[in-house]
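In what follows, every chain begins at residue 1, and chains take the letters A, B, ... in the order their sequences are listed.
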2 protein chains.
Amino acid sequence: MVNGSLMLTIAVLGGTGKEGKGLAYRWAKAGYRVLIGSRSSEKAIKAASEIIQLLEGSSSVVGTTNLEAAQQAEIIVLTVPYAGHRETLEDVKDALKGKLFVDVTVPLVPPKVSKVQMPAAGSAAQEAREILGEDVEVVAAFQNISHELLLDEEEIECDVLVTGTSKKARAEVLTLVEAAGLTGWDAGPIENSVVVEGLTSVLIYINKQYGSTYAGIKITGAQHQ
Amino acid sequence: MVNGSLMLTIAVLGGTGKEGKGLAYRWAKAGYRVLIGSRSSEKAIKAASEIIQLLEGSSSVVGTTNLEAAQQAEIIVLTVPYAGHRETLEDVKDALKGKLFVDVTVPLVPPKVSKVQMPAAGSAAQEAREILGEDVEVVAAFQNISHELLLDEEEIECDVLVTGTSKKARAEVLTLVEAAGLTGWDAGPIENSVVVEGLTSVLIYINKQYGSTYAGIKITGAQHQ
């Protein structure tokens, strides 16, 4: 249970995918109220009940549409494939004003997903910032985590690099990283998100090249104070 | 002594800086013939003699101009600050045809060196490729290593991500990484160099933020076969 976080509601848009479900599970377990959003509220309700079954004891996970989830939450997390990034953001844009938006999107371009190919804005997170405008704090995080592991309770040997539009917003997301049982690092301004998003392609390449499944990164030589 | 590498000559252009000197020292120690290049041959000769003093036993380190060093080497490594990147490449371009070029350059833009700011080509390495053309294999590596440590014989807790224009060229550079006493990873095509160059800004940011000096990264969840 995270201190003082009981009242906070996190919407996980595209939360019916593995990535979203894994994060929703970890945050619900930590005591957050979690809303699973999807284009189809039926799918979202199904995903929410799957997560509740995995959790012991009381927890709050509710499935609904992306828009309703965004409207009812203080923190909105986007975990859709890149193909649905812009459309989903345009759909929920009005509900995000004054809130904290967390982009988990990696702009992979199939079939060459192991080659870094960023959008014109510089990265998916910078594209989100262009779409959402100045009223929304945009933070990018969790792009390098193999989300299958989040549901498995396994020790995850991959740090989370957090970039975003303000230090305060990054600090809030670092709390969410910790609540999910992961180690996070403030990795600087939103312009640095290209490194973290692109790193996913590098890790996919390393997995192919070295026959691994969950290549990740750890920061060395620095410590949390 | 690296097997069969005795005949290979490595030119380290801009080799009078800390980065270049550190790499030159490690490679000379491993048995490579090393040419230190600089705009001033006097400075290069001085740097070469400093390196020879650090080495025990026989070693081959010679100082000369950047152009002469490039002409006489099979592998050319560039370790100048970004401000001198294009000019140095233009100066030595003709001497690089058919050879292997290794770019260590990080396109930092002072004073905001902790913010990723890539050149129009996408990265310094991709800019090098544009300048040098198709006749030269371009590999980017060593951008995240604190080069002071190379001269100090300290254990370096930072892996080297190697990106480049061909798998064969990356494999050759991975041999140089190992010869320098470091752990390297084939990190894919030259387009992925943006991640590794940009990671330097992220590590600088982490150093500032967490009070560390030598933040680095380690790849987890994968193994060399």
Side-chain angles (χ1 to χ4, degrees), chain A residues 109 112-118 122-123 126 144-146 149 154-159 161-163 167 170-171 174 184-225, chain B residues 109 112-118 122-123 126 144-146 149 154-159 161-163 167 170-171 174 184-225:
Chain A
V109 184
K112 292 222 166 180
V113 293
S114 63
K115 183 166 103 176
V116 176
Q117 296 175 83
M118 289 292 143
S123 66
Q126 284 167 290
N144 307 141
I145 303 294
S146 299
L149 300 177
E154 290 197 33
E155 170 97 21
I156 297 178
E157 284 250 38
C158 184
D159 288 352
L161 299 176
V162 176
T163 63
K167 198 168 156 150
R170 296 193 295 268
L174 284 167
W185 299 91
D186 182 346
I190 192 76
E191 288 82 358
N192 293 1
S193 57
V194 57
V195 171
V196 196
E197 294 179 16
L199 196 54
T200 302
S201 289
V202 168
L203 295 173
I204 291 170
Y205 186 89
I206 286 175
N207 278 334
K208 276 192 210 169
Q209 191 63 28
Y210 296 90
S212 52
T213 312
Y214 299 121
I217 63 134
K218 277 273 173 196
I219 294 294
T220 59
Q223 288 187 317
H224 290 117
Q225 284 152 332
Chain B
V109 184
K112 291 222 166 182
V113 293
S114 63
K115 181 166 104 177
V116 175
Q117 297 175 84
M118 288 292 144
S123 66
Q126 284 167 290
N144 306 141
I145 303 295
S146 298
L149 300 177
E154 291 197 32
E155 170 96 21
I156 297 178
E157 284 250 39
C158 184
D159 288 353
L161 299 175
V162 176
T163 62
K167 199 168 153 149
R170 295 193 295 269
L174 283 167
W185 299 91
D186 181 347
I190 192 77
E191 289 82 358
N192 293 1
S193 58
V194 58
V195 171
V196 196
E197 294 179 16
L199 196 52
T200 302
S201 288
V202 169
L203 295 173
I204 291 170
Y205 186 87
I206 287 174
N207 278 335
K208 275 191 212 171
Q209 192 62 28
Y210 296 90
S212 51
T213 311
Y214 299 121
I217 62 135
K218 277 273 174 196
I219 294 294
T220 59
Q223 288 187 315
H224 290 117
Q225 284 153 333

Side chain, backbone, both or neither: which part of [X] has a heavy atom under 4.5 Å from chain A?
| X | result |
| --- | --- |
| B:K112 | neither |
| B:I204 | neither |
| B:Q223 | backbone |
| B:L203 | side chain |

With chain B as the partner, which of [options] has the greatest number of non-hydrogen pairs under 4.5 Å?
| options | result |
| --- | --- |
| A:G122, A:A187, A:G211, A:S146 | A:A187 |
| A:V116, A:I190, A:T163 | A:V116 |
| A:D159, A:V202, A:V196, A:L161 | A:V202 |
| A:N192, A:L199, A:I217, A:T213 | A:N192 |

Considering non-hydrogen atoms only, spot the tightest contact between [X] and [Y] and give its length.
| X | Y | result |
| --- | --- | --- |
| A:S114 | B:P189 | O-CD, 4.1 Å |
| B:K218 | A:T220 | CG-CG2, 3.4 Å |
| A:S212 | B:G221 | CB-O, 3.3 Å |

Check the pair B:W185, A:Y205 against ring pair (Phe, Tyr, Trp, His ring centres under 6.0 Å), reporting the backbone distance first and the verdict last. CA-CA 10 Å; B:W185 299 91; A:Y205 186 89; over 10 Å; no

Quick check: do A:Y210 and B:H224 have side-chain heavy atoms less than 4.5 Å from each other?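 In contact.
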
Could you tell me whether the side chain of B:I219 reaches within less than 4.5 Å of the side chain of A:I206, counting heavy atoms only?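 In short, these two side chains touch, coming nearer than 4.5 Å.
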
What residue in B:G216, B:G198, B:A222, B:C158 has the most heavy-atom pairs under 4.5 Å with chain A?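 When all of B:G216, B:G198, B:A222, B:C158 are compared, B:G216 has the most.
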
Sort A:K208 into side chain, backbone, both or neither according to what part of it lies under 4.5 angstrom from a heavy atom of chain B.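 When you check distances to chain B, no heavy atom of A:K208 falls under 4.5 Å.
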
